[in-house]
Amino acid sequence: MAQADFEKESTANATWSRLLAGNRRFAEGKNEHPWQDPQTRESLIDRQNPDAAVLSCSDSRVPPEIVFDAGLGDLFTIRTAGQVIDDAVLASLEYAVDSLHVSLLIVMGHEGCGAIDLATHELDSMIDAATTDPASSLEAADAMDDLDERIAESESIILRSVGMSIWQAREAEVDDPADIERVHVAHTIEDLVSRSEVIQNALAHDRLMIVGARYQLSNGKVEVLSF
């Protein structure tokens with residue numbers, strides 16, 4: 001590994017450690033609210049140099065800057081319901097990686113995600129509609145064989161984007177809501193990397209580290225996920 005790449009990896013690890021320390025402060029009610037003073041605001045008028053990019057859910061209870069006790073200029077944040085990825089999300093993250101040179105990308109799901117609940121109901125409705133005769137095991141098998149295609153062609157963007165995570169979890173016999181949320185974070189990272197050559201290139205040259213996380217509403221802590 002070249003010296004510059006080693007330094008980038010070290011920077012990413014240091015940034016992640018600092019953000020997790022901020023989350024511990026938040027969970028313990030010891031927020032410092034760093035870098036939120038007028039001087040910092042004025043220093044960022046003409047430039048920004050965020051340490052990390054965060055893709056997280058739009059849920060009003062999960063604002064990354066507060067959860068990580070971060071300040072102005074620290075995080076480049078993109079939020080959509082259920083961390084759904086579209087062209088705008090990809091372009092935004094690629095800008096953070098290619099132009100702002102963030103060394104860390106965090107994909108963060110959360111406990112009690114409404115988008116996952118909605119996609120679960122829509123997936124169940126799709127399966128019910130595809131199987132007009134529940135007693136027919138052959139018909140049920142046929143419906144399951146092309147379920148991937150049915151999800152991909154759904155008119156619901158939530159089902160197209162989140163439904164596959166739920167189906168993958170079910171195929172792995174995972175039914176605990178927390179585990180499904182973890183599966184969705186892993187699937188989101190996989191989808192993100194497969195769709196972005198910019199991110200692929202940054203990973204291949206050790207300019208970027210991607211981490212998965214899950215915010216727990218019940219205790220305020222960010223769970224680090226390993227895949």
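The structure displayed is predicted, hence computed values, not measured ones.
Atom CD of E28 is surrounded by more than 12 heavy atoms from other residues, nucleotides or ligands within 6.0 Å. Heavy atoms from other residues, nucleotides or ligands lying under 6.0 Å from CG of N219 number more than 12.
Of all the heavy atoms in C57 and G82, the pair that sits closest is SG-N, 3.3 Å. Heavy atoms only, all atoms of each residue included: I85 and L90 are closest at CG2-CG, 3.8 Å. Residues Y215 and G220 approach most closely at CE1-O, 3.3 Å, considering heavy atoms. Considering all non-hydrogen atoms of both residues, S161 and H184 come closest at O-CE1, 3.9 Å. The nearest pair of heavy atoms linking S194 to Q200 is O-NE2, 3.3 Å. For the residue pair S196 and E94, the shortest heavy atom distance occurs at OG-OE2, 2.7 Å.
A donor-acceptor contact shorter than 3.5 Å links the side chain of Q36 to the backbone of A70. Panel note: side chain D74, backbone G71; a donor-acceptor pair is recorded below 3.5 Å. In this structure a side-chain-to-backbone donor-acceptor pair under 3.5 Å is present from R79 to S58. Formation of a donor-acceptor pair under 3.5 Å by the D69 side chain with backbone atoms of E32 is found in this model. Judged by distance alone, the side chain of R160 and the main-chain N or O of S154 form a donor-acceptor pair under 3.5 Å.
Looking only at side-chain heavy atoms (C-beta outward), L44 and Q39 stay at 4.5 Å or farther from each other. Within the 4.5 Å cutoff, the side chain of V107 has no heavy atoms near those of the V211 side chain. Within the 4.5 Å cutoff, side-chain heavy atoms of S218 are placed close to those of E111. For the pair V54/E65, no side-chain contact is recorded, criterion being any heavy-atom separation below 4.5 Å from C-beta on. For the pair Q216/H110, no side-chain contact is recorded, criterion being any heavy-atom separation below 4.5 Å from C-beta on. Between P64 and T77, some side-chain heavy-atom pair lies under the 4.5 Å cut-off.
Cluster annotation: V102 is not connected to W35 through the hydrophobic network of ILVMFWY side chains, with a link wherever side-chain heavy atoms come within less than 4.5 Å. Under the 4.5 Å side-chain heavy-atom criterion for Ile, Leu, Val, Met, Phe, Trp and Tyr, L118 and I151 are members of the same hydrophobic cluster. Hydrophobic clustering, with ILVMFWY side chains joined whenever heavy atoms are under 4.5 angstrom apart, groups I166 together with I157. In the hydrophobic clustering of this structure, F68 groups with V224; members are Ile, Leu, Val, Met, Phe, Trp, Tyr whose side-chain heavy atoms approach within less than 4.5 Å, directly or through other members. Taken together through direct or relayed side-chain contacts under 4.5 Å among Ile, Leu, Val, Met, Phe, Trp and Tyr, I210 and I78 form part of one hydrophobic cluster.
For the atom pair I127 CD1 and W167 CH2, the distance stands at 5.0 Å (nearest 0.5 Å). In this structure, CG on L203 lies 5.0 Å from CG on L208, to the nearest 0.5 angstrom. To the nearest 0.5 Å, atoms CD (E197) and CG (D98) are separated by 11.5 Å. Rounding to the nearest 0.5 Å places CD of Q83 at 10.0 Å from CG of D59. Between atom CD1 of residue I106 and atom CE of residue M209 there is a gap of 8.5 Å, rounded to the nearest 0.5 Å. Expressed to the nearest 0.5 Å, how far CG of N31 lies from CD1 of I66 amounts to 8.5 Å.
Between the side chains of D191 and T188, no donor N or O sits under 3.5 Å from an acceptor N or O. In this model, a donor atom of one side chain and an acceptor atom of the other lie less than 3.5 Å apart for N201 and H205.
R195 and D86 are not joined by a salt bridge, as no carboxylate oxygen comes within less than 4.0 angstrom of a charged side-chain nitrogen. Salt bridge annotation for D51-R18: present, with a cationic side-chain nitrogen under 4.0 angstrom from a carboxylate oxygen.
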F26 and V222: CA distance, side-chain angles, deciding distance, side chain to side chain contact (heavy atoms under 4.5 Å, CB included) verdict: CA-CA 10 Å; F26 167 76; V222 170; over 6 Å; no
Criterion side chain to side chain contact (heavy atoms under 4.5 Å, CB included) on V84 and I158, from CA distance to verdict: CA-CA 7 Å; V84 167; I158 290 293; 4.1 Å; yes
CA sep, side-chain torsions, deciding dist, call: L105, L192, side chain to side chain contact (heavy atoms under 4.5 Å, CB included): CA-CA 11 Å; L105 170 54; L192 184 61; 3.5 Å; yes
Test log, rule side chain to side chain contact (heavy atoms under 4.5 Å, CB included), inputs M108 and L55: CA-CA 6 Å; M108 186 169 73; L55 172 60; over 6 Å; no
